Amino acid sequence: MDNVAFLSYKPDPMHTYGFEKIEKKWRDKWEAEQTFAVPSTSATNFDRNKPKYYILDMFPYPSGKGLHVGHPLGYIATDIVARFKRMKGFNVLHPMGFDAFGLPAEQYAIETGTHPEVTTLKNIENMQKQLRQCGLSYDWSREIQTIDPKYYQWTQWIFLQIYNAWFDEEQNKARHIDTLIQAYENDVYRVSAEKQRVAKQNKDYVNATKFADLSKAEQQDVLGKDRLAFLDDVTVNWCPGLGTVLANEEVTVDGRSERGNFPVFKRPLKQWMLRITKYADRLEDDLRLVDWPAAVKHMQRNWIGKSQGATIEFALERNANEKIPVFTTRPDTLFGCTFMVLAPEHPFVEHLVTDDQRRAVQRFQEKMAAKSDVERQSDTKSKEGVFTGSYAVNPANGRKMPIWIADYVLMGYGSGAIMAVPAHDQRDFEFAKKHLIKIRAVVQPDDKFLKEHQLSLMEYLEDPGSLDVAFEEKGVGAQSDSKDIDLNGITTDRAKEKMIQFLETKGLGSRRVQYKLRDWLFSRQRYWGEPFPILHGPDGEIRAVDEKDLPVVLPEMKDFKPFASDDVHALPTPSLGRAPKTWQEVEIDGVKYTRELNTMPQWAGSCWYYLRFIDPGNDQRFAGEAEEQYWMGENGVDLYVGGVEHAVLHLLYARFWHKVLFDLGHVSTCEPFGKLFNQGYIQAYSYQDERGMYVSALDVQEEKDGTYTYNGAKVTRQLGKMGKSLKNSISPDEVIESFGCDTFRLYEMYLGPIEQSKTWDTEAIVGVHRFLQRVWRNFISEEDGQLQVVDQPMDDTLKLIVHKTIDLVSKDMNEMKFNTAIAHLIQLNNLFVSMDQIPLAAAQSFVLMLSPLAPHLCEELWQRMGHQESLSYHPWPQADRSVLAEDKVEIVVQINGKRRANIEVAPDISKEEAEALSMQQDNVRKHLEGMEIVKFVYVPKRLINFVVKPK
RNA sequence: GCCGACGUGGCGGAAUUGGCAGACGCGCUUGGUUUAGGCCCAAGUGGGGUAACCCGUGGGGGUUCGACUCCCUCCGUCGGCACCA
């Protein structure tokens with residue numbers, strides 16, 4: 001069947017069951033009876049003693065484009081698990097909602113010229129309609145929308161928790177800001193490390209002896225140095241095309257916005273930041289605790305970028321008191337350091353440069369400043385740099401080293417300066433070769449390396465000719481040339497350790513853990529987001545909105561467009577600047593405050609929505625304590641399913657918020673998502689004509705020679721995403737209309753493992769449809785529509801097969817291997833086809849097992865079997881172990897690994913009995929003739945193997 | 001460049017975790033039903049051979065009575081990170 005035929009294909013009514021009627025009947029019934037609604041944990045009809053299972057989908061953005069068949073893949077999978085767990089006796093929480101704030105919704109609203117709320121609500125309604133026909137067992141009574149003021153009231157509340165918290169390094173957790181104020185007021189401010197650090201940063205306040213003596217604005221300024229949410233002058237990613245700044249995570253590698261693909265520029269700006277870096281260590285460490293795909297953990301670790309090493313102070317040659325700190329992960333190679341490199345923007349450069357080098361350095365700095373980030377990052381080969389004229393002293397051996405600046409050292413990481421060890425670092429090596437700087441090998445390579453390059457150890461370490469390959473060392477020992485420390489002949493790991501200890505005792509440096517993770521830029525200049533619950537006073541005081549005054553409702557505005565611009569130099573201006581003055585200005589006790597005009601980023605609402613589902617109607621707290629403890633207990637969300645695209649952004653931010661809430665005592669687990677599962681994508685072929693235009697995939701014909709044509713013209717084929725613009729999108733609606741929702745669900749699951757990407761193949765769908773038709777025909781007579789099931793016991797063979805299937809399908813369900821579960825059910829059903837009459841017990845087990853996958857059909861059959869209650873909460877069938885414990889098993893007899901016979905034996909016979917029995921087989925005897933048995937292997941229940949050789 | 005995952009018929013994919021490779025479905029072949037096509041039903045379908053049997057899980061090597069599965073190595077595909085010191 002080609003694609004054209006698929007469109008017009010309708011199963012023959014003569015040979016299909018009336019899925020349209022059946023599916024509508026049961027969907028309506030579930031909805032009318034609220035079958036899947038979960039009562040409050042304190043309700044009388046709620047059994048708190050039953051185990052809980054919280055299963056969650058990543059909630060969607062209500063985009064205007066509607067769903068294609070790829071979207072429901074994860075929802076169908078979670079629905080099957082939810083239905084399975086209910087039958088297994090769990091209280092199942094399975095909610096759905098919409099993440100409706102943010103750029104995509106606003107961009108769509110701008111494109112269509114209507115208010116984002118109107119378009120968003122319309123899109124939500126449309127998506128709900130599409131989701132409903134997939135037969136998903138959500139508790140819709142718990143639906144949430146992030147744009148609802150009753151929801152974002154708590155988003156704002158959580159922001160205030162973060163704002164009113166500081167990170168106590170000693171306890172390695174967040175605490176309420178009052179504890180810090182108290183410490184300051186108890187005069188600790190004057191003497192504590194905090195005070196000194198703050199004093200250093202705020203030279204103006206050094207003279208104040210008491211915290212209380214500072215002005216309100218000054219106090220807030222001091223506290224801002226420690227609050228987990230704070231205003232700061234930072235270099236931000238400014239995107240004029242979108243009229244907003246973006247988080248690092250929202251900028252692509254080639255320096256464009258992830259949404260809209262507009263160019264992004266660096267520029268300094270005062271912005272709200274969240275101090276996620278304080279949690280870098282715990283975010284990294286606690287990945288141990290969660291059951292997540294290795295790839296996602298890997299990506300998060302990569303993003304956090306923890307590396308262990310040391311900070312080493314390098315003194316200037318001309319003045320030993322002036323020091324430049326560097327960070328290194330290879331302190332053991334300190335003796336091999338032959339020069340230093342600073343980032344071109346490093347503030348110390350000005351101080352270092354000598355008169356004769358000044359012009360060259362300035363020219364280089366200007367050149368680097370002119371380069372965009374994009375250019376600088378893509379250009380990893382050139383290794384440009386210039387000598388500053390100054391020298392530093394290697395603290396370990398007193399050698400004099402030139403100080404350079406170069407493009408390959410970044411200001412944003414470590415201290416913006418490095419010790420260069422050209423012999424043992426690829427980049428330093430390339431730089432040293434280009435600029436003819438001395439190379440010194442100090443780590444001894446392994447024997448294999450020396451052999452390959454035909455070098456002796458001495459040659460390697462001394463001969464300049466060997467240094468072309470020096471940086472390739474594999475590291476088995478280290479050399480040193482100081483009397484104070486001996487690293488010779490020990491492993492790299494031990495040498496690192498020894499060097500750090502040496503540096504610390506000598507006061508030359510210290511152990512240091514460095515992270516790539518930066519603080520989270522939390523403000524946006526767009527309209528369609530949560531307003532900050534923050535007020536600005538006339539004297540620069542920052543003041544949190546009182547909790548009782550939440551929510552700060554987003555003002556009604558006709559013109560909500562961002563101040564976007566083609567002008568690179570245009571300044572970021574918040575859209576809320578267009579809001580009425582009555583909204584912008586607030587008077588408290590005679591003081592006029594203005595509202596914060598930035599809004600929160602798209603991620604804010606999704607950082608905690610899983611907590612709201614627990615108790616969505618609560619207007620006293622984000623969720624009731626007892627409810628939170630029950631549903632989040634132990635593992636948090638028990639199963640969280642969504643795409644890998646959220647591996648770093650959403651999942652890192654949500655973990656961070658959750659940890660703050662945990663530290664402040666608002667939630668009971670330190671991790672929100674115990675188990676995470678990434679569903680794959682559904683891919684589809686798209687077709688382009690000669691001009692590169694996409695043509696409708698449904699109208700493409702495959703020719704006999706394997707090429708593809710559209711209206712007779714040749715087109716090229718490519719496998720990729722499904723989408724309206726690619727003209728290869730298939731909506732669930734059309735599939736459900738032709739084949740029914742049960743077939744659609746079954747088919748999506750049958751394509752392959754959920755975690756894998758797979759190709760949508762319109763042809764194969766008839767396979768599972770045929771299966772469901774056969775199921776129907778097996779149970780319901782075509783002539784009279786009567787149930788064809790007899791209340792008779794199963795014979796032994798059928799019993800064994802049914803119980804084996806129960807065993808296998810149960811296992812598959814637990815492991816979410818729905819494709820193999822379906823295969824086993826098809827197999828059992830094929831057995832039913834060959835039977836005249838199906839025993840009731842077998843039919844019931846079969847229908848129960850199929851029901852999570854094809855719920856409508858199974859409910860109908862279940863009812864026709866005489867049951868009043870929905871099977872949704874009926875216990876899952878149990879495999880009878882005594883049936884499965886066979887009294888005879890067939891095992892293979894092999895000779896030298898070759899199968900020679902099959903014999904039936906009792907499963908628990910002895911090795912000797914097995915040997916004797918197998919010897920009685922003619923074929924075995926024949927092959928043993930003239931042979932000597934060297935060894936006899938017996939694997940109980942599996943096989944027998946004779947190892948023989950000619951006599 | 002670094003890190004990670006994977007490689008099984010014409011296709012999507014199974015394999016009780018080291019035990020009869022290819023379950024199940026698509027496609028294909030033949031037959032039935034049908035005015036015809038579609039739908040539906042039945043049988044067959046890794047390769048070679050009349051057959052007994054032989055060969056087969058990217059290539060090569062190893063461990064084992066026995067390897068898709070474990071180890072080494074090479075090749076290929078996909079994904080992540082990318083001047084992070």
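Since this is a predicted model, take the numbers as computed values, not measurements. By convention in this document, chain letters (A, B, ...) are assigned in the order of the sequence lines, proteins followed by strands, and residues within each chain are numbered from 1.
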On RNA chain B, nearest-nucleotide positions of Glu815(A) versus Ile822(A): which is more 5'? Glu815(A)
Between C40(B) and A23(B), how far apart are the C1' atoms? Round to whole Å, please. 25 Å
Under 4.0 angstrom between Gln514(A) side-chain N/O and A85(B) OP1 or OP2: no
Could you check whether Ala823(A) gets within reach of a base, just the sugar-phosphate, or nothing at all, counting any heavy atom under 4.0 Å? base
Which is true for Gln894(A) with a 4.0 Å heavy-atom rule: it touches a base, it touches only sugar-phosphate, or it touches nothing? base
Find the partner of A5(B): check Watson-Crick (N1-N3 plus N6-O4 or O6-N4) and G-U wobble (N1-O2, O6-N3) distances, both under 3.5 Å, and reply none if neither fits. U77(B)
Under 4.0 Å, heavy atoms only, any strand: does Asp428(A) hit a base, just the sugar-phosphate, or nothing? nothing
Give Val833(A) one of three labels, base, sugar-phosphate or nothing, depending on what nucleic acid heavy atoms sit under 4.0 Å from its own. sugar-phosphate
Tyr747(A) and ring-ring contact (aromatic ring centres under 6.0 Å, His included): which single residue from Trp760(A), Phe771(A), Phe818(A) fits? Trp760(A)
Please determine, for the side chain of Arg777(A), which listed nucleotide (C40(B), A85(B), C24(B)) has the closest atom? C40(B)
Quick check on RNA chain B: between Leu943(A) and Tyr750(A), whose nearest nucleotide comes earlier from the 5' end? Leu943(A)
For Leu751(A), which contact category applies under a 4.0 Å heavy-atom criterion: base, sugar-phosphate, or nothing? sugar-phosphate
Rounded to whole angstrom, note down the P distance from C71(B) over to U63(B). 15 Å
Whole-Å P distance, A52(B) and U17(B): 32 Å
Please work out if Lys817(A) contacts a base, only the sugar-phosphate, or nothing of the nucleic acid, heavy-atom cut-off 4.0 Å. sugar-phosphate
Tell me the partner of U34(B), counting only Watson-Crick (N1-N3 plus N6-O4 or O6-N4) or G-U wobble (N1-O2 and O6-N3) with both under 3.5 Å; none if nothing fits. none
For Thr759(A), answer base if it contacts any base atom (sugar-phosphate contacts may also be present), sugar-phosphate if it contacts only those atoms, and nothing otherwise; contact means non-hydrogen atoms under 4.0 Å. nothing
Does the plane of the ring in Tyr938(A) sit parallel, tilted or perpendicular to the ring in Phe936(A)? Use 30° and 60° as the thresholds. parallel
Do Val802(A) and Phe846(A) have side chains that approach each other closer than 4.5 Å (heavy atoms only, starting at C-beta)? no
Hey, does the side chain of Arg770(A) come within less than 4.0 Å of C26(B)'s phosphate (OP1/OP2), counting only N and O? yes
Watson-Crick/G-U partner (both atom distances under 3.5 Å) of G44(B): C28(B)
Against the side chain of Val939(A), the closest entry in G25(B), G19(B), A85(B) is G19(B)
Minimum-distance nucleotide to Thr820(A) side chain [options: A14(B), C41(B), C65(B)]: A14(B)
For G48(B), decide between syn and anti, treating a glycosidic angle within 90° of 0 as syn. anti
Determine the interplanar angle of the Phe327(A) and Tyr413(A) rings, folded into 0 to 90°, and report it as parallel if under 30°, tilted if 30 to 60°, perpendicular if over 60°. perpendicular
Using only modelled atom types and a 3.5 angstrom limit, is any donor from either the side chain of Asn302(A) or the base of C81(B) paired with an acceptor on the other? no
If you draw a 6.0 Å radius around NZ in Lys297(A), do more than 12 non-hydrogen atoms from other residues or ligands fall strictly inside? yes
Check: Glu384(A) and Lys367(A) side chains under 4.5 Å, non-hydrogen atoms: yes
Using a cut-off of 4.0 Å on non-hydrogen atoms, how would the nucleic acid contact of Lys935(A) be classed: base, sugar-phosphate, or nothing? sugar-phosphate
If you only use heavy atoms from C-beta on, which nucleotide in C40(B), G19(B), G4(B) is closest to the side chain of Gln773(A)? C40(B)
May I ask you to say what Asn819(A) touches in the nucleic acid, namely base, sugar-phosphate or nothing, with a heavy-atom cut-off under 4.0 Å? sugar-phosphate
